[in-house]
2 protein chains.
Amino acid sequence: MKSAARALSEDTAETGAQQIRDAIRDAIVERRLSPGTKLSESDVGNLFSVSRTLARAALQALSYEGLVSVEKNRGAFVAYPSPDEARQIFSARRLVEPGILREAAARITPADIKRMRELLLEEGRLMSERGQTARRAEIKASGDFHLMLAAISGNAIVQRFMEELVARSSLVIALYGQSTVSSCGHSEHGDIISAIESNELDRACQLMLHHIAHIEADLDLRERKSLGLREAFEL
Amino acid sequence: MKSAARALSEDTAETGAQQIRDAIRDAIVERRLSPGTKLSESDVGNLFSVSRTLARAALQALSYEGLVSVEKNRGAFVAYPSPDEARQIFSARRLVEPGILREAAARITPADIKRMRELLLEEGRLMSERGQTARRAEIKASGDFHLMLAAISGNAIVQRFMEELVARSSLVIALYGQSTVSSCGHSEHGDIISAIESNELDRACQLMLHHIAHIEADLDLRERKSLGLREAFEL
DNA sequence: GACGGTCAAATTGTATACGATTAATTGCAC
DNA sequence: GTGCAATTAATCGTATACAATTTGACCGTC
């Protein structure tokens with residue numbers, strides 16, 4: 001759907017920096033790049049065969065999305081969200097997603113529901129598969145559920161906001177997630193769709209809030225300071 | 001409060017591009033720059049005595065906030081939100097602001113209330129004054145009310161989102177606003193504070209929604225398509 | 001005189017170059 | 001051998017330079 005949105009606006013293809021940005025973002029969201037990894041401008045540039053100018057632009061863009069943090073005169077790193085940031089991310093999701101759900105439910109079409117069910121199926125299929133590739137695809141699919149709702153809501157601004165929140169959630173889960181299993185309770189997605197379909201709006205919102213709480217509950221957000229040397233050895 | 005937030009993070013002062021970005025943003029929000037105005041990279045660079053590199057970075061940053069639109073190979077322009085975009089902006093505000101209000105109410109301190117009351121006083125004072133300078137200050141103060149609530153909510157992510165929404169709202173009002181008077185019904189701000197103070201949370205939310213609806217109602221969002229050539233001449 | 005195409009001016013897209021800041025390594029003194 | 005200081009290497013911050021694209025003008029032709 002992203003390519004479609006890009007196609008219709010034609011020259012929104014813009015500059016090559018966008019492609020690099022998207023590539024790096026995907027790598028971060030799919031957790032091929034770990035939080036804290038240094039992203040040197042030269043390295044990024046060489047990797048994509050462009051100058052530092054474009055690499056820098058891409059990194060700047062990612063910093064606006066909160067996926068990388070650039071420190072003055074030090075460089076860019078894959079963001080390493082603090083426990084507090086993590087809480088804020090999920091707090092923001094609890095704030096926004098019920099509203100998105102209501103908007104989406106008001107505009108959803110049978111075709112949309114069909115596509116969402118297909119996405120769910122794909123998600124389930126990936127869940128049962130083995131291997132890193134499947135795991136990464138699953139991570140993406142699980143986020144796509146929430147993004148698709150945002151897309152259906154028809155509000156591009158809120159949609160972009162959700163894209164940021166979902167991406168950053170992935171980082172948080174990578175850092176603080178405990179269970180090895182999927183980031184999202186898969187069945188909960190299906191329940192939400194069903195509730196929407198049967199017009200039980202309030203219940204759908206409740207399910208959504210529970211779903212988010214469920215994800216957050218799987219995190220271990222204890223403040224393990226970046227280098228707790230003392231405790232790391234003196235235990 | 002912005003300078004305070006910047007001061008404590010110290011080297012978040014970052015690059016000179018940030019300053020340029022802020023300066024242009026202020027100019028847009030205070031409506032010294034009209035929607036559609038071209039922002040040539042060279043001109044911006046010369047104006048601030050920096051190279052095109054920094055000017056470009058600043059414009060890119062503003063485009064992420066939706067305040068300027070950069071068209072490939074054509075340049076950057078102060079954003080000219082379409083009626084549909086305008087509706088999305090206010091729809092997003094209706095979606096987010098009640099939640100912000102609830103969060104803020106849960107954490108607000110007497111000191112916060114005092115500061116907000118001071119802001120309200122300042123707002124009222126500016127409202128009675130004459131002149132462009134006062135008008136611009138009033139615009140800013142009226143937005144600051146909503147931003148302060150977001151700040152009190154303690155969620156930096158939601159806060160940033162609100163900053164974007166408020167800034168873009170200013171653009172929309174500049175374009176489609178009808179009444180010459182202030183962008184926001186001033187008294188409504190006071191009512192909201194009072195409701196929060198007396199712990200009437202639901203009523204505060206209702207007031208907020210009405211307030212937003214009130215702003216939107218003052219707009220003339222008839223589709224005057226940028227170049228409705230046909231209708232413009234064939235009538 | 002109107003239409004079409006070619007050319008020139010201006011502006012953006014990208015790359016490279018240079019200065020500044022930070023981090024690391026080496027060397028020296030203790 | 002340890003700790004500090006100065007130097008070196010690497011990386012970022014910014015400016016400049018060149019290539020590509022667009023825009024408006026000029027000119028010839030119909």
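The structure displayed is predicted, hence computed values, not measured ones. Per chain, numbering begins at 1; letters A, B, ... match sequence-line order.
Between the CD atom of E71(B) and the P atom of dT21(D) there is a distance of 17 Å, rounded to whole Å. As a whole-Å value, the separation of N46(A) CG from dA10(D) P is 14 Å. Protein atom CD of Q18(B) is 14 Å distant from nucleotide atom C1' of dT14(D), rounded to whole Å. A straight line from CG of N73(A) to P of dT14(D) spans 8 Å, rounded to a whole angstrom. The NZ atom of K38(B) sits 13 Å away from the P atom of dT22(D) (whole-angstrom rounding). Rounded to whole angstrom, the span from the CD atom of E41(B) across to the C1' atom of dA15(D) amounts to 14 Å. In this entry the distance linking NZ of K72(A) with C1' of dT11(D) reads 15 Å, nearest Å. For the pair R56(B) CZ and dA15(D) C1', the interatomic distance rounds to 15 Å; values are reported in whole Å.
In this structure, the nucleotide among dG13(D), dC12(D), dG13(C) sitting nearest to the side chain of S40(A) is dC12(D). Of the candidates dA15(C), dG13(D), dA15(D), dA15(D) carries the atom nearest the V50(B) side chain, counting heavy atoms from C-beta on. Nearest to the side-chain atoms of L54(A) among the listed nucleotides dA15(D), dT14(C), dT22(C) stands dT14(C). Taking only side-chain atoms of T53(A), from C-beta outward, the nucleotide of dG13(D), dT14(D), dT16(C) with the closest atom is dT16(C).
From R56(B), atom CZ reaches atom OG of S63(B) across 10.0 Å, with rounding to the nearest 0.5 Å. Between the CG atom of L221(A) and the OH atom of Y176(A) there is a distance of 7.0 Å, given to the nearest 0.5 Å. To the nearest 0.5 angstrom, N155(A) atom CG is 7.5 Å from L95(B) atom CG.
OP1 and OP2 of dT12(C) both lie 4.0 Å or more from every side-chain N or O belonging to R52(B). The phosphate of dT11(D) (OP1 or OP2) has no side-chain N or O of R74(A) nearer than 4.0 angstrom.
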CA sep, side-chain torsions, deciding dist, call: V78(A), L62(A), side chain to side chain contact (heavy atoms under 4.5 Å, CB included): CA-CA 9 Å; V78(A) 179; L62(A) 288 167; over 6 Å; no

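Using bins of under 30°, 30° to 60° and over 60° for the plane-to-plane angle, the ring pair F145(B)/H189(B) lands in the parallel bin.
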